[in-house]
Number of protein chains: 2
Amino acid sequence: MKMGRPREFCVDKALDAALEVFWRKGFEAASLTDLTDAMGINRPSLYGAFGNKEELFRKALDRYVSEKVKYLSEALAAPDAYGFAERMLMGAAAMMTDPSHPVGCLAIKGMATCSDHTGVVREELDKVKTNYEAAMLGRLTALRDAGEFPADTDLQGLMRYLTTVVQGMAIQASNGASCADLRQVGQTALKAWPAKKGVPASA
Amino acid sequence: MKMGRPREFCVDKALDAALEVFWRKGFEAASLTDLTDAMGINRPSLYGAFGNKEELFRKALDRYVSEKVKYLSEALAAPDAYGFAERMLMGAAAMMTDPSHPVGCLAIKGMATCSDHTGVVREELDKVKTNYEAAMLGRLTALRDAGEFPADTDLQGLMRYLTTVVQGMAIQASNGASCADLRQVGQTALKAWPAKKGVPASA
DNA sequence: CCATATTTGTACCGATCGGTATGAATTATG
DNA sequence: CATAATTCATACCGATCGGTACAAATATGG
């Protein structure tokens, strides 16, 4: 057993509370007072358990990625290219308007917030973005090799289109768009996606 | 002639400099020191000429809307619905990556930044957004009445799709996407748009 | 019981935030 | 020249920022 006075709060619960604050207010706008109030602890406890504000954000972002952005891995697991795009867009619409947590996307909001801000936060967000893009591009490549796309298809362009729509959805969500609104945007966006295999292209 | 010591700086030039700072860093991240340094004036001069930080932002936003978002009015002037969407998307791609000013969009960045922030800034951004949406919807309605769309077309949905892509473009631009990247996104997005009048729908 | 290790609460640190008081400098008016 | 009006430059205000020093409190290991 560990020596010393035992911790009086649950680290996971506190991290969830911090994530909620970062998600709602953004990294810079979330003050330590906001965070400690929501987490139900005081500053030295936060510092002792999580390091500093940037480290706390990093851990909250890790949690966000693994707990809240599941729709991306579900999309990657889709058997065909159309299903991939469909799960991506519909999953984003559902997640970004889920009333059980703040609206929009922590990572996208973060990227929009600190574009001119160097530091751990920016690096971490870039890392998340790079990982996601690599995963999506890898999946699209595999699907092309499986015959889902013509060999000369610009997969990077398709990926960028998809991420652009998802990023726009995050703005829409933070502006009050409903899940139905975003799903409709996704449905429209899907019309630009290569048609299902074997199905003739048409509106 | 006005009495007193004459102003030693050009208000318009100073406002342009302030706009550049707000555009690059966002409202809250732009400090008065950042602003006065870029504007080449000191704090009391800024206060005397523009009121306060919020008022300065409001004036910079006005300038931004009238000087930098011309592509929207150009899109509204397009003779047909496809041209409207095309000018919208291509105009946004060009403006958001124009090297003569910061990348992305001041208004979209602002909305992403202060979603949980009440105040003059948020109200002003909402006003801009509302005006733009009303103008777009009005134009789409006129185009539908002119026979460009079936009578039961969901114009609101089309408008939301378009704005979502443009908003996503702003994030892409602030993340380093090139004009060509964004134009390609726009071209892909256009595939989901109702085809040109008289042209059969197809990819 | 004593020493050690860890957490907690308070109270504080220097830095920076937006905003301003004050007086010198510069102009038009009389 | 004298006065009023306006701007400019310095230096400062209280508030808040992220972060921490310090000591009381609470646990384990001896």
Side-chain angles (χ1 to χ4, degrees), chain A residues 1-15 17-19 21-22 24-61 110 113-114 116-124, chain B residues 1-15 17-19 21-22 24-61 110 113-114 116-124:
Chain A
M1 187 81 178
K2 203 172 48 177
M3 215 185 290
R5 180 171 174 173
R7 181 167 283 138
E8 295 181 1
F9 64 94
C10 170
V11 175
D12 278 354
K13 292 289 181 189
L15 186 55
L19 168 57
V21 174
F22 280 132
R24 193 156 36 82
K25 310 196 72 165
F27 172 73
E28 306 198 283
S31 70
L32 283 191
T33 303
D34 293 330
L35 291 164
T36 51
D37 284 355
M39 299 164 84
I41 64 179
N42 46 35
R43 289 158 114 106
S45 297
L46 187 154
Y47 186 84
F50 301 101
N52 58 16
K53 191 184 176 187
E54 287 186 338
E55 277 297 306
L56 176 60
F57 181 84
R58 209 182 56 74
K59 294 189 169 87
L61 181 61
T113 299
C114 55
D116 200 60
H117 173 258
T118 65
V120 179
V121 173
R122 182 69 190 177
E123 290 172 17
E124 213 65 25
Chain B
M1 186 80 178
K2 203 172 48 177
M3 213 186 292
R5 180 173 176 173
R7 182 168 282 138
E8 295 180 2
F9 63 94
C10 171
V11 175
D12 278 353
K13 291 290 181 188
L15 186 55
L19 167 57
V21 174
F22 279 131
R24 194 156 37 81
K25 311 195 72 165
F27 172 74
E28 307 198 282
S31 70
L32 283 192
T33 303
D34 292 331
L35 291 164
T36 52
D37 284 354
M39 298 163 85
I41 65 179
N42 46 37
R43 289 157 113 106
S45 297
L46 187 153
Y47 186 83
F50 301 102
N52 59 16
K53 192 185 175 186
E54 287 184 340
E55 278 297 306
L56 176 60
F57 181 84
R58 210 182 55 74
K59 294 186 170 92
L61 181 60
T113 299
C114 54
D116 198 60
H117 172 259
T118 66
V120 179
V121 173
R122 182 68 190 178
E123 290 171 17
E124 212 64 25

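So you know, we letter chains A, B, ... as the sequences are listed, proteins then strands, and number each from 1.
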Can you measure [X] atom [atom1] to [N] atom [atom2] for me and round it to whole angstrom units?
X: A:K53; N: C:dA15; atom1: NZ; atom2: P; result: 19 Å
X: B:E28; N: C:dG19; atom1: CD; atom2: P; result: 12 Å
X: A:F9; N: D:dA27; atom1: CZ; atom2: P; result: 16 Å
X: B:F57; N: C:dC17; atom1: CZ; atom2: C1'; result: 18 Å
X: A:M39; N: C:dT8; atom1: CE; atom2: P; result: 11 Å
X: B:N52; N: C:dG18; atom1: CG; atom2: C1'; result: 9 Å
X: B:E54; N: C:dG18; atom1: CD; atom2: C1'; result: 10 Å
X: A:L35; N: D:dC17; atom1: CG; atom2: P; result: 10 Å

Can you tell me if the side-chain N/O atoms of [X] get under 4.0 Å from OP1 or OP2 in [N]?
X: B:S45; N: D:dC8; result: yes
X: B:R7; N: D:dT7; result: yes
X: A:Y47; N: D:dT20; result: yes
X: B:N42; N: D:dC8; result: no

- Message: Applying a 4.0 Å non-hydrogen cut-off, can you work out what A:P6 is touching in the nucleic acid: base, sugar-phosphate, or nothing?
- Response: sugar-phosphate
- Select base, sugar-phosphate, or nothing to describe what A:A30 touches, counting heavy atoms under 4.0 Å on all strands. sugar-phosphate
- Note on the structure: The residue, B:R5 or A:L32, whose nearest nucleotide of DNA chain D is more 5′ is B:R5
Could you pull out the closest heavy-atom pair between [X] and [Y], with the gap in Å?
X: B:F50; Y: B:M39; result: CE1-CE, 3.5 Å
X: B:A38; Y: B:A17; result: O-CB, 3.5 Å
X: B:N52; Y: B:E55; result: OD1-N, 2.9 Å
X: B:V21; Y: B:A30; result: CG1-CB, 3.8 Å

- Under a 4.0 Å N-O cut-off, is there an ion pair linking A:R58 with A:E54? no
- Message: Whether the side chain of B:R43 and the base of C:dG18 hold a donor-acceptor pair under 3.5 Å is what I'd like checked.
- Response: yes
- Query: B:M3 side chain: which of D:dT7, C:dT27, C:dT20 is closest?
  - Reply: C:dT27
